[in-house]
Structures are given as structure tokens and as C-alpha cells.
J.: 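Below are the C-alpha cells for one structure; questions will follow.
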Amino acid sequence: MPKTIRELADELKVSKQTIQYHYQRLPTKNRQKDSQGTNMISLTAERIIRDKIAKPLVANTQQTDSKKVTKTSKENNELIATLRREIEDLKSQRDKQLATKDRQIDHLTKLVDQQQQLQLATVADNRRLKDHVQKLSGQLTQKTNDNLSTGNDLFNIQDKKSKIAKQKIVKSGSNKDGIHTNRAIKRWWKFW
């Protein structure tokens, strides 16, 4: 649970200015404000500030009597308890994230299964269509064999038409350079 600067200062038995000093030097992601604009110290920020303050306290307590050493061990116990709570919070967040990832994996697996089923249905449809096309092409080849003699007659007719078209080439007048050019007669319906 987040604490105010005053609460943490009272807990660590240091001045508010000391806590404020360390709080201002925290990364911006570790700084929080409540709805009233009061600076709030998260568990992560509290741990960082405790570590920074505990180092000078350990040095001071080693120089003083044993009473202060026992206070430092109490502070260390509190720090350990805080760290354990933070570990529990991180574990619960991790478990939530893993549960979310499991749901996402299940959803994606279902989508892949659906895609595979659709792919199989498409392949089956393609095979049916291919068989149908082969059947139709077989019927078509039978008809072309029957009409092969008729096709030869059509070819002869087209050949005659092309000879007639060549004969319709007329000599046009000479152009500017005096060169005679041959041009075919072009009718308006032959442009399409």
C-alpha cells in the first residue's frame, strides 16, 4: 500500500526532507500522486528509499552502541517483510499474466483449427471442380473430333477471305516525296 512522505519518514525515523530528497531523485515511473496531488510512495519506491537511507544508518550504528544495532536489525526485518510482500505482489501479477497468455494461446489454437478446416474444405471443393472440368473437357474433345472435318472447311473459308482482303489493297496517290504507298481499304466496321 502506498505511503506518504511523512509516514515513511516517521517509520524510518528520519526527517521529511531526507525522504523528499531521495524521492525527487527516483525515476519518474516510480513517483506517484494521489487524487489530491499528494506525493505517494509505492512499494518499489519505498524499497529504493529504504536501501539508500539504510546504508548511512548501518555505518552510523556500527559506530554507536548496541542498542542502535538492534534498531537496524528491526529495520532490516521490516525491509525483509516489505520485500516479501513485494515478491508476493509480483508473483500474483505474473500468475495473472500467465493466465491471460494461456487464454490467448487457446484462442489462437482455435483460430488455427478453424483455418485448417476451411483449407481442407477449399481443397475438397477444388478437387470436385477439377474433376468436373476434366469431365467437361472430355466431352469437348469428343465433339471436336466429330467436327474436325467441318473445321477444315471453315479453315478453307477463312483462307479465301484473307486472299480477297489482299486483293483489295489499292494503290493510293503519291505522297509529298513522290513515293507510292499501298494501303488496304479500311471500312469503319473493321476498326473494332
J.: Hey, what do you get for CD1 (Ile87) to OG (Ser92), rounding to the nearest 0.5 Å?
T.: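 One finds 12.0 Å between CD1 of Ile87 and OG of Ser92.
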
J.: Check for a donor-acceptor pair, side chain of Glu7 on one end and backbone N or O of Thr4 on the other, with a separation under 3.5 Å.
T.: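 Yes; at least one donor-acceptor contact below 3.5 Å.
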
J.: Would you say Ile53 ends up clustered with Ile48 if hydrophobic residues are merged whenever their side chains have heavy atoms under 4.5 Å apart, either directly or through other cluster members?
T.: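 Result: yes, single cluster for both.
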
J.: Assess the residue pair Leu120 and Gln117 against the criterion (side-chain contact (heavy atoms from CB on, under 4.5 Å)); give the C-alpha distance rounded to whole Å, side-chain angles, the decisive distance to 0.1 Å, and a yes or no.
T.: CA-CA 5 Å; Leu120 286 174; Gln117 290 172 1; 5.6 Å; no

J.: Sub-3.5 Å donor-acceptor pair from the side chain of Thr18 to the main-chain atoms of Val14, do we have one?
T.: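 Not a single qualifying donor-acceptor pair exists.
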
J.: Can you establish whether the number of heavy atoms outside Arg6 located under 6.0 Å from its atom CZ is more than 12?
T.: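 No, the 6.0 Å shell around CZ holds no more than 12 heavy atoms from other groups.
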
J.: State whether the side chain of Thr38 and the backbone N or O of Asp34 hold a donor-acceptor pair below 3.5 Å, judged by distance alone.
T.: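 Absent.
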
J.: Run the side-chain contact (heavy atoms from CB on, under 4.5 Å) test on Glu75 and Leu79 for me, step by step, so that the C-alpha distance in whole Å, both residues' side-chain angles and the decisive distance to 0.1 Å come before the verdict.
T.: CA-CA 6 Å; Glu75 290 174 358; Leu79 180 61; over 6 Å; no

J.: Apply side-chain contact (heavy atoms from CB on, under 4.5 Å) to residues Lys3 and Glu46 and explain how you reach the verdict.
T.: CA-CA 8 Å; Lys3 298 178 182 179; Glu46 180 180 346; 3.1 Å; yes

J.: Report yes or no: do Arg103 and Thr100 form a side-chain donor-acceptor pair below 3.5 Å?
T.: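 A pair is found: one side chain offers a donor N or O, the other an acceptor, under 3.5 Å apart.
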
J.: Just checking, Arg25 and Tyr23: is the charged tip under 6.0 Å from the six-membered ring centre and within 45° of the axis?
T.: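 No cation-pi geometry.
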
J.: Rounded to the nearest 0.5 Å, how far does CG of Leu98 lie from CD of Gln93?
T.: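 Gln93 CD to Leu98 CG: 12.0 Å, rounded to 0.5 Å.
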
J.: Find the distance between CG (Asp113) and CG (Leu108) and round it off to the nearest 0.5 Å.
T.: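 With rounding to 0.5 Å, CG (Asp113) is 11.0 Å from CG (Leu108).
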
J.: For Leu43 and Glu86, work out which heavy atoms get closest and say how close.
T.: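 Heavy-atom minimum between the residues: O-OE1, 3.8 Å.
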
J.: Enter the distance from Gln119:CD to Gln116:CD here, rounded to the nearest 0.5 Å.
T.: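 Rounded to the nearest 0.5 Å, the CD-CD separation comes to 9.0 Å.
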
J.: Kindly determine whether Arg47 and Thr44 satisfy side-chain contact (heavy atoms from CB on, under 4.5 Å), including the steps that lead there.
T.: CA-CA 5 Å; Arg47 180 179 51 83; Thr44 307; 3.8 Å; yes

J.: Look up atom CD in Glu78 and atom CG in Leu83, then write down how far apart they are to the nearest 0.5 Å.
T.: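 Atom-to-atom, Glu78:CD and Leu83:CG are 12.0 Å apart.
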
J.: Between His22 and Lys52, which heavy-atom pair has the shortest distance, and what is it?
T.: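 Nearest heavy atoms, His22 then Lys52: ND1-CD, 3.6 Å.
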
J.: Atom CD in Gln17, atom CD1 in Ile5: separation rounded to 0.5 Å?
T.: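 Interatomic distance, Gln17 CD to Ile5 CD1, rounded to 0.5 Å: 10.0 Å.
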
J.: Main chain of Leu26, side chain of Arg31: is a donor-acceptor contact present, judged purely on distance under 3.5 Å?
T.: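 It does hold such a pair.
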
